[in-house]
Amino acid sequence: MQRCCRVIVSQPPVLRPHKGNRTASRFCTAGFELPEWFRNPKKDCDSFDDDDHDEFVLPIKSDPVEERSRGGSSEPLSLRPEAASHDEAEFEADFDEASRILTSCFASPEAIVIAMDCCPVRVSDRMVEKILKRFSSDWVAAFGFFMWAGAQEGYCHSADSYNSMVDILGKFKQFDLMWGLITQMDEIGGLVSLATMTKVMRRLAGASRWTDAIDAFNKMDRFGVVKDTTAMNVLLDTLCKERSVKRARGAFQELRGSVPPDESSFNTLVHGWCKARMMNEARDTMKEMEEHGFKPSVITYTSLIEAYCMEKDFQTAYAILNEMCSKGCPPNVITYTIVMHALGKDGRTQEALDIFDKVRRDGCAPDASFYNSLIYILGRAGRLEDANSVVDKMSSTGVPPTVATFNTLISAACDHSQAENALKMLVRMEEQSCKPDIKTYTPLLKLCCKRQWIKVLRFLICHMFRKDITPDFSTYTLLVTWLCRNGKPAQSCLFLEEMVLKGFTPKKETFDLVTEKLDKANLHSAKKKIQLLTLRAAAVKHTGSPHLNKDGAAGQHIDILSNACGYEP
DNA sequence: TGAAGTTTAA
């Protein structure tokens with residue numbers, strides 16, 4: 001029913017059964033294995049004392065994060081703040097238990113339903129929401145749990161839970177299952193809303209199924225969702241954001257007779273043209289907007305300015321700024337952020353800082369994004385001290401730093417090889433109860449891969465999991481490619497396999513790179529596995545499932561994959 | 001996430 005394959009990455013393969021986990025068999029090789037907490041994050045990190053060659057030592061003895069991760073301090077390893085009550089403790093225990101089961105490799109959502117049936121987890125809306133969030137990058141786990149929960153007595157999924165599930169299935173292009181769920185929501189009655197259809201349209205368009213997205217809009221009244229201006233604007237925005245402004249225009253022309261456009265409809269289209277750098281069309285849409293009695297607003301002009309900034313045509317951008325002032329439509333903090341940021345990115349640091357002064361002179365209140373952009377510019381110019389002092393300035397002016405503030409500082413520190421400062425920032429985030437996201441970790445992970453700091457890499461992945469953050473497609477790609485480029489092809493393989501197991505389809509270049517490096521390192525059996533993994537990835541793309549299925553091609557490849565390495569599934 | 005702006009990144 002369940003099985004799990006590991007890539008064997010060295011010669012000869014050393015088969016080491018996984019200690020203490022009944023559900024996931026795991027095999028590894030000398031030197032490196034994906035740590036236990038990679039699969040089962042709630043377990044302690046116990047693998048820091050591996051004998052990796054690792055030049056980097058975490059710098060500060062008193063670093064609370066490090067101490068905790070080693071599990072060696074007097075402070076107990078706490079995965080979360082003290083449970084507030086008995087109920088809370090029970091909830092957390094249930095969550096851990098469900099996570100433990102779902103972290104194993106399962107053949108299908110149905111297999112998860114069977115496994116979950118033996119587990120005394122109490123279902124609630126909150127539990128479902130939390131599990132779906134935690135497993136939002138593993139649709140089989142998420143959907144298996146969702147189905148199991150929905151079958152529990154006395155529990156019915158909320159509209160929000162359905163919407164989250166719809167979104168996850170859409171993200172992994174499981175459109176048949178997604179529509180099945182919509183039908184179910186409709187049959188229960190009244191659960192399909194514009195929020196649901198928004199997710200459907202965005203996921204379809206995101207998968208380049210623009211026509212399907214338009215069809216979804218057209219048939220949404222069948223589910224009781226009104227095709228009004230708001231709904232039309234969602235469709236237009238979706239098509240524009242997903243690289244099809246021309247289809248947006250087409251849909252707009254078709255719908256405008258029955259659905260009255262508003263200012264947003266036009267601004268969405270103008271922004272779409274600007275994003276596509278089709279400035280004539282953008283200006284035409286602005287004219288049309290005026291014909292409909294809507295005056296171009298600060299949003300409209302800002303879209304234009306952004307497009308010219310992207311083209312590095314600062315001359316025109318400045319001209320529009322002046323035009324705005326003369327038309328009585330002054331730029332706001334967003335407009336200035338765009339201009340300042342583009343200047344900074346283009347290396348015109350002083351000009352960018354002049355904008356900062358202008359904003360202060362104009363009495364336009366900077367917000368967090370504006371400050372974050374300033375931090376980015378200073379960091380990029382190597383002025384890390386100044387960048388750090390902006391944070392103090394923010395706090396003193398009542399604009400608290402955000403995740404992006406810290407992420408930007410971490411990224412700047414990493415870019416300037418200040419790993420210690422970057423890691424300290426991670427601690428500071430914790431102190432300030434600022435929840436990291438995936439972007440917090442990417443620069444750090446990249447730096448570790450570049451420097452071959454395998455232990456720190458593990459530490460970070462452990463840290464991520466404690467925060468309920470799982471690698472996404474680009475993080476996996478980053479790990480695989482950077483480890484590979486920096487003399488760690490074997491380790492890179494493990495992440496590549498993990499990636500495929502999670503249902504991501506790596507790019508061909510990623511496979512090619514890994515194969516080439518394995519070849520050079522004479523890791524023949526690993527290369528063979530990667531080639532089989534390529535087939536598996538192709539099967540995933542074809543069947544949409546990374547997991548075994550009764551008749552699908554993926555299943556066969558797994559068998560080959562297992563047999564080829566000489567261990568039992 | 002979603003009518004405009006900030007952090008990663010090939």
Side-chain angles (χ1 to χ4, degrees), chain A residues 167 194-195 198-199 201-203 205-206 229-230 232-242 248 261-272 274-275 282 285 289 294 296-307 309-310 324 331-342 344-345 352 355 359 366-380 387 390 394 399 401-415 422 425 436-447 471-475 477-482 485 506-510 513:
Chain A
D167 195 46
L194 180 58
T198 299
K199 291 181 192 305
M201 289 188 279
R202 294 204 188 278
R203 290 306 183 188
T229 305
T230 313
M232 177 181 74
N233 290 349
V234 169
L235 175 68
L236 299 181
D237 185 54
T238 298
L239 294 170
C240 287
K241 297 247 165 71
E242 302 300 344
D262 65 3
E263 196 188 318
S264 302
S265 319
F266 288 103
N267 278 334
T268 303
L269 287 169
V270 170
H271 184 233
C274 288
K275 249 191 99 198
T285 306
M289 186 176 179
F294 301 112
S297 67
V298 60
I299 297 179
T300 328
Y301 286 115
T302 301
S303 292
L304 284 185
I305 288 180
E306 186 184 21
C309 283
M310 285 190 293
M324 288 173 80
N332 62 18
V333 68
I334 298 179
T335 323
Y336 285 124
T337 306
I338 289 168
V339 179
M340 179 177 76
H341 194 79
K345 216 164 189 172
I355 297 278
V359 167
D367 61 6
S369 293
F370 182 83
Y371 280 123
N372 292 345
S373 183
L374 181 66
I375 291 172
Y376 172 83
I377 292 162
L378 291 167
R380 201 183 149 89
V390 174
M394 288 173 80
V399 183
T402 63
V403 208
T405 312
F406 287 108
N407 291 357
T408 311
L409 287 166
I410 287 174
S411 165
C414 288
D415 279 345
M425 208 64 75
D437 61 20
I438 187 70
K439 290 167 182 141
T440 312
Y441 294 95
T442 34
L444 286 162
L445 295 175
K446 187 178 154 187
L447 186 65
D472 56 9
F473 176 84
S474 45
T475 312
T477 307
L478 178 146
L479 286 165
V480 172
T481 50
W482 283 92
R485 281 183 200 153
K507 288 194 180 140
K508 187 179 175 298
E509 306 89 80
T510 313
L513 176 72

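So that the names make sense, note that chain A is the first sequence line, chain B the second, and so on, each numbered from 1. Just so we're clear, the structure is a prediction, and the values are computed from it rather than from any experiment.
- In this structure, A/K446 reaches the B/dA9 phosphate: one of its side-chain N or O atoms is under 4.0 Å from OP1 or OP2.
- Using a 4.0 Å heavy-atom criterion, one finds that A/E263 contacts the bases of the nucleic acid, with or without backbone contacts as well.
- Nucleotides B/dT1 and B/dG5 have their C1' atoms positioned 13 Å apart, rounded to a whole Å.
- A/T268 comes within contact range of the sugar-phosphate backbone alone, with a heavy-atom separation under 4.0 Å but no base atom that close.
- Listed pair A/K275 / B/dG5 fails the phosphate criterion, with no side-chain N or O lying under 4.0 Å from OP1 or OP2.
- Counting non-hydrogen atoms under 4.0 angstrom, A/D437 reaches nothing in the nucleic acid.
- Minimum atom distance to the side chain of A/N332 is reached by B/dA4, of the listed B/dA3, B/dA4, B/dT6.
- At the heavy-atom level, A/I299 lies under 4.0 Å from base atoms of the strands shown.
- Between the side chain of A/S369 and the base of B/dT6, at least one donor-acceptor pair of N or O atoms lies under 3.5 Å.
- The distance between atom CE of A/M201 and atom P of B/dA3, rounded to the nearest whole Å, is 12 Å.
- For the pair A/H271 and B/dG2, the criterion of a side-chain N or O lying under 4.0 Å from OP1 or OP2 is not met.
- If you check every strand for non-hydrogen atoms under 4.0 Å, A/Y371 touches nothing.
- For A/L447 and B/dA9, the CG to P distance is 10 Å, given to the nearest whole Å.
- Remark: C1' of B/dA3 and CG of A/L236 are 10 Å apart, rounded to the nearest angstrom.
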